[in-house]
Chemist: 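The structure that follows is given in the form of structure tokens.
Letters A, B, ... mirror the listed sequences (proteins, then strands); counts begin at 1. These values consider heavy atoms only, across backbone and side chains, with no hydrogens, waters or symmetry-generated copies.
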Protein chains: 2
Amino acid sequence: MDDALRAVADPTRRAIMELVRDGERSAGELAGHFPAMSRPAVSQHLKVLVEAGLVDVRRDGNRRLYALRPEGLADAAGFIERMWSVQLRRLKEAVEKE
Amino acid sequence: MDDALRAVADPTRRAIMELVRDGERSAGELAGHFPAMSRPAVSQHLKVLVEAGLVDVRRDGNRRLYALRPEGLADAAGFIERMWSVQLRRLKEAVEKE
DNA sequence: AGGCTATGTAAGTAAGTTCTTACACAGCCT
DNA sequence: AGGCTGTGTAAGAACTTACTTACATAGCCT
């Protein structure tokens, strides 16, 4: 989970995830969405995402296609849910107090 | 959201959140849970958490009491949910294909 | 084969993070 | 007032991150 949460902390990587969310995208296609950044920079972000288990890669001839791998967020989701549950508990207590 | 996700990327800060999740804890009490780390280090983490909107502080005489503020995770939860929804969509498509 | 396209990797740099120790300050108690 | 307790802040060191440019490699096409 550590890796996933660290990976997701970067806004560029989150943007990449939003892009591959809707289907496979090639590395170049993704880099094209970040004109302010060099192509290798995007490539490095992709590496981080793959190693964190948040995206899958597959080779297609010349290119590499990246796709979202949502299971990678399972532990992160668990943490957030665990924190979030406090909301529900507090709400419940407030209701019972009435 | 940026701040919250960045804050949550650190394992010490997540541990602090788990601790304050069950109710208010004083700074010193929290620091006591991290014998490997200096007290100021914990204090600095608390500052980050407060600024990210993930915990609340309140003064109680000498001490400062910290408590979880789960609303701070709202945007982060939204992001994860948005990614997670891909799972459901894929599952649905798989079922329909049968 | 030779060249073009798509993409990753290496090396180096600038900036950011996370600690540490030393210090400052507020509140309590006698 | 003066000292103790609890806690934040300052300054700096060590490490990590997110880039950049230059280079390497693999597949496609003629």
Chemist: Which part of the nucleic acid, if any, lies within reach of Ala9(A) when heavy atoms closer than 4.0 Å are counted: base, sugar-phosphate only, or nothing?
Modeler: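 The answer is nothing, as Ala9(A) stays clear of every strand by at least 4.0 Å.
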Chemist: Which heavy atom in Arg89(A) sits nearest to a heavy atom in Arg21(B), and how many Å separate them?
Modeler: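 It is NH2-O, 3.3 Å.
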Chemist: Can a side chain N or O of Tyr66(B) be found less than 4.0 Å away from OP1 or OP2 on dG6(D)?
Modeler: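 Looking at the OP1 and OP2 atoms of dG6(D), neither is under 4.0 Å from any side-chain N or O of Tyr66(B).
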Chemist: Tell me the closest heavy-atom pair linking Val55(B) and Leu46(B), and the distance in Å.
Modeler: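 It is CG2-O, 4.4 Å.
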Chemist: Rounded to the nearest angstrom, tell me the gap between atom CZ in Arg13(A) and atom P in dC19(D).
Modeler: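 After rounding, the gap between these two atoms is 8 Å.
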Chemist: Given dT5(D), dT21(C), dA6(C), which nucleotide is nearest the side-chain atoms of Arg63(A)?
Modeler: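 Given the options dT5(D), dT21(C), dA6(C), the side chain of Arg63(A) is closest to dA6(C).
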Chemist: Is a donor-acceptor contact shorter than 3.5 angstrom present between the side chain of Gln44(A) and the base of dT20(D)?
Modeler: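 Indeed there is one.
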Chemist: Could you check whether Arg82(B) pairs with Glu18(A) (Lys NZ or Arg NE/NH1/NH2 to Asp/Glu carboxylate O, under 4.0 Å)?
Modeler: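 A salt bridge is present here (some side-chain N lies under 4.0 Å from a carboxylate O).
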Chemist: With nearest nucleotides of DNA chain D determined for Asp10(A) and Pro40(A) from heavy-atom distances, which residue corresponds to the more 5′ nucleotide?
Modeler: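 Upstream on the strand: Asp10(A).
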Chemist: From CD of Glu51(B) over to P of dT17(C), roughly how many Å is that when rounded to an integer?
Modeler: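 Those two atoms, CD and P, are 12 Å apart.
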Chemist: Is the distance from OP1 or OP2 of dT17(D) to the nearest side-chain N or O of Arg6(A) less than 4.0 Å?
Modeler: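 Yes, Arg6(A) has a side-chain N/O under 4.0 Å of OP1/OP2 on dT17(D).
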Chemist: Over how many whole Å does the gap from Asn62(B) atom CG to dC25(C) atom C1' extend?
Modeler: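 To the nearest whole Å, that distance equals 11 Å.
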Chemist: Does the pair Arg58(A)/Glu24(A) count as a salt bridge with the N-to-O cut at 4.0 Å?
Modeler: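 Salt bridge present between Arg58(A) and Glu24(A).
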Chemist: Just by distance, do the side chain of Arg69(B) and the backbone of Gly53(B) share a donor-acceptor pair under 3.5 Å?
Modeler: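 Yes: the side chain of Arg69(B) pairs with the backbone of Gly53(B).
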Chemist: Which whole-number value in Å describes the distance from Asp60(B) CG to dA26(C) C1'?
Modeler: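 Result: 14 Å.
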Chemist: Taking only the side-chain heavy atoms of Ser38(B) (C-beta and beyond), determine which of dA6(C), dT20(C), dA18(D) contains the nearest atom.
Modeler: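 Looking only at side-chain atoms, Ser38(B) lies closest to dT20(C).
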Chemist: Measure CD/Glu24(B) against P/dT7(D) and give the value in whole Å, please.
Modeler: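 After rounding, the reported distance stands at 12 Å.
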Chemist: Between dT20(D), dT9(C), dG8(C), which nucleotide has the shortest distance from any of its atoms to the side chain of Ala27(A)?
Modeler: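 Shortest atom-to-atom distance from the side chain points to dG8(C).
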Chemist: Identify whether any heavy atom of Ala41(A) sits under 4.0 Å from a base atom; if not, whether one sits that close to sugar-phosphate; answer base, sugar-phosphate or nothing.
Modeler: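 Here Ala41(A) touches the bases of the nucleic acid.
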Chemist: Side chain of Arg59(A), heavy atoms from C-beta onward: which of dT20(C), dA26(D), dG8(C) has the nearest atom to it?
Modeler: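 Of dT20(C), dA26(D), dG8(C), dA26(D) is nearest to the side chain of Arg59(A).
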Chemist: Once you apply a heavy-atom cut-off of 4.0 Å, does Ala36(B) come out as touching a base, just sugar-phosphate, or nothing?
Modeler: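 Sugar-phosphate: the residue Ala36(B), judged by heavy atoms under 4.0 Å, touches backbone atoms but no base.
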Chemist: What integer distance in Å separates Met37(B):CE from dT20(C):P?
Modeler: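 So the two atoms are 7 Å apart, to the nearest Å.
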Chemist: I need the single residue from Asp56(B), Leu68(B), Asp3(B), Ile16(B) that forms a side-chain contact (heavy atoms from CB on, under 4.5 Å) with Leu49(B). Which is it?
Modeler: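 By the side-chain contact (heavy atoms from CB on, under 4.5 Å) criterion, Leu49(B) pairs with just one of Asp56(B), Leu68(B), Asp3(B), Ile16(B): Ile16(B).
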Chemist: dT7(C) C1' sits how many Å from Ile16(A) CD1, rounded?
Modeler: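 Rounded to whole Å, this separation is 14 Å.
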Chemist: Quick check on dA6(C): is either OP1 or OP2 less than 4.0 Å from any side-chain nitrogen or oxygen of Ser43(A)?
Modeler: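 Negative; the distance criterion is not met.
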Chemist: Give a yes/no on whether any side-chain N or O of His45(B) is located under 4.0 angstrom from OP1 or OP2 of dC19(C).
Modeler: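 Yes, within the criterion.
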Chemist: Identify which nucleotide among dC19(D), dT18(C), dG8(C) has an atom closest to any side-chain atom of Arg64(A), counting heavy atoms from C-beta outward.
Modeler: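 My answer, after comparing the listed nucleotides, is dG8(C).
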Chemist: Using whole Å, what does the distance between atom P of nucleotide dG6(D) and atom CZ of Arg39(B) come to?
Modeler: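 Result: 10 Å.
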